[in-house]
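Heavy atoms only: backbone and side chains are in, while hydrogens, waters and symmetry mates are out. Being a predicted model, the structure only gives us computed values, none of them experimental. Starting from 1, each residue takes its place in the sequence as its number.
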Amino acid sequence: MGKITFYEEKNFQGRSYECMSDCSDMSSYMSRCQSCRVESGCFMLYERNNYMGQQFFMRRGEYNDMHRMQSMGMMFDNIRSCRMIPFHRGQFRMKIYERENFGGQSNEMMDDCDNIQDRYRMSDCQSCHVMDGHWLMYEQPHYKGRMMYMRPGEYRSFRDMGMSGQRFMSMRRITDMC
């Protein structure tokens, strides 16, 4: 079980909200997020309600000034939802597709891939099927740029998920116990 506490002010000050599961709308608990403490587990933070918008992966640790982390692309004042990532035991499997609706070239992965263009000669990844495990997909090679959390399921179109214009070029398994 995971536990994260959000604070409205830097250095863990001001009003707080403790969360131990998914929360689709945090706006009724706090107006902004300036710091947070992940006591256990791993979480994805989202800039909009209902797990939409930019995402950021948080593991166990103390984050006393979220503004210092803005260089990673997240506007932390706007945290509106979070999702706990369960620890996965066992194998990891995901099939990635070059085009939407599982079209074009495809490749099955069981480990991290820092560059799909180099490894598979794929220029893009626009849909996937996660069979086992939890994954992070990144828009640039070498696990850089915006990311998206993928749990087991079929993802026919990243554009339909609110990720228009975003392409994914590297993928990493979430193996942290946090």
Side-chain angles (χ1 to χ4, degrees), residues 1-4 6 19-27 38 40-60 72-74 78-178:
M1 173 104 89
K3 180 179 176 183
I4 186 170
F6 299 96
C19 188
M20 296 191 306
S21 62
D22 296 353
C23 179
S24 65
D25 184 3
M26 292 175 25
S27 60
V38 181
S40 60
C42 295
F43 289 84
M44 280 311 284
L45 306 184
Y46 299 82
E47 71 175 342
R48 296 193 334 237
N49 295 341
N50 299 314
Y51 320 110
M52 299 295 287
Q54 292 240 16
Q55 304 177 24
F56 194 76
F57 178 70
M58 304 295 282
R59 58 175 44 102
R60 186 184 320 200
M72 294 183 217
M74 185 67 153
N78 297 331
I79 299 296
R80 295 292 178 249
S81 55
C82 72
R83 178 166 271 153
M84 188 180 79
I85 301 172
F87 178 67
H88 174 76
R89 287 181 173 81
Q91 71 177 4
F92 287 77
R93 284 186 353 168
M94 173 170 60
K95 192 164 190 176
I96 58 173
Y97 297 85
E98 193 173 32
R99 303 283 169 246
E100 292 181 337
N101 295 311
F102 312 121
Q105 181 182 340
S106 68
N107 287 284
E108 188 168 313
M109 304 171 51
M110 296 180 77
D111 60 354
D112 300 349
C113 176
D114 68 348
N115 190 329
I116 63 168
Q117 192 161 15
D118 288 351
R119 184 186 288 182
Y120 300 118
R121 304 293 182 242
M122 287 177 71
S123 61
D124 206 353
C125 174
Q126 296 182 4
S127 59
C128 73
H129 178 199
V130 177
M131 286 85 78
D132 295 301
H134 299 264
W135 298 75
L136 290 176
M137 297 180 73
Y138 296 82
E139 70 178 341
Q140 297 172 19
H142 309 290
Y143 318 114
K144 296 188 188 304
R146 292 186 296 175
M147 66 180 74
M148 186 165 67
Y149 166 54
M150 309 300 285
R151 56 189 185 174
E154 292 185 346
Y155 301 90
R156 295 185 168 280
S157 171
F158 299 144
R159 186 171 29 133
D160 292 347
M161 297 170 61
M163 304 305 248
S164 61
Q166 188 166 349
R167 54 189 251 178
F168 295 102
M169 299 301 295
S170 55
M171 296 80 184
R172 176 180 279 164
R173 299 163 297 152
I174 301 175
T175 58
D176 300 61
M177 282 188 68
C178 300

Check whether any side-chain heavy atom of Phe87 sits under 4.5 Å from a side-chain heavy atom of Cys42, and report yes or no.
no
With a 4.5 Å limit on heavy-atom distance, are the side chains of Met44 and Ile85 in contact?
yes
Among all residues two or more places apart in sequence or in another chain, which pass the side chain to side chain contact (heavy atoms under 4.5 Å, CB included) test with [X]?
X: Asp25; result: Ser27, Asn49
X: Ser21; result: none
X: Met84; result: Asp22, Phe43
X: Met131; result: Arg93, Lys95, Glu108, His129

side-chain hydrogen bond (donor to acceptor under 3.5 Å, both in side chains) against [X], all qualifying residues, sequence neighbours excluded:
X: Tyr149; value: His134
X: Asp118; value: Asn115
X: Asp111; value: Arg119
X: Lys144; value: none

Sequence neighbours left out, what passes ring-ring contact (aromatic ring centres under 6.0 Å, His included) with Tyr155? Give chain and number order.
none
His88: partners by ring-ring contact (aromatic ring centres under 6.0 Å, His included), with sequence neighbours left out:
Phe92
Listed partners of Asp112 passing salt bridge (charged side-chain N to carboxylate O under 4.0 Å, His left out), at least two apart:
Arg173
Partners of Asp114 by salt bridge (charged side-chain N to carboxylate O under 4.0 Å, His left out), sequence neighbours excluded?
none
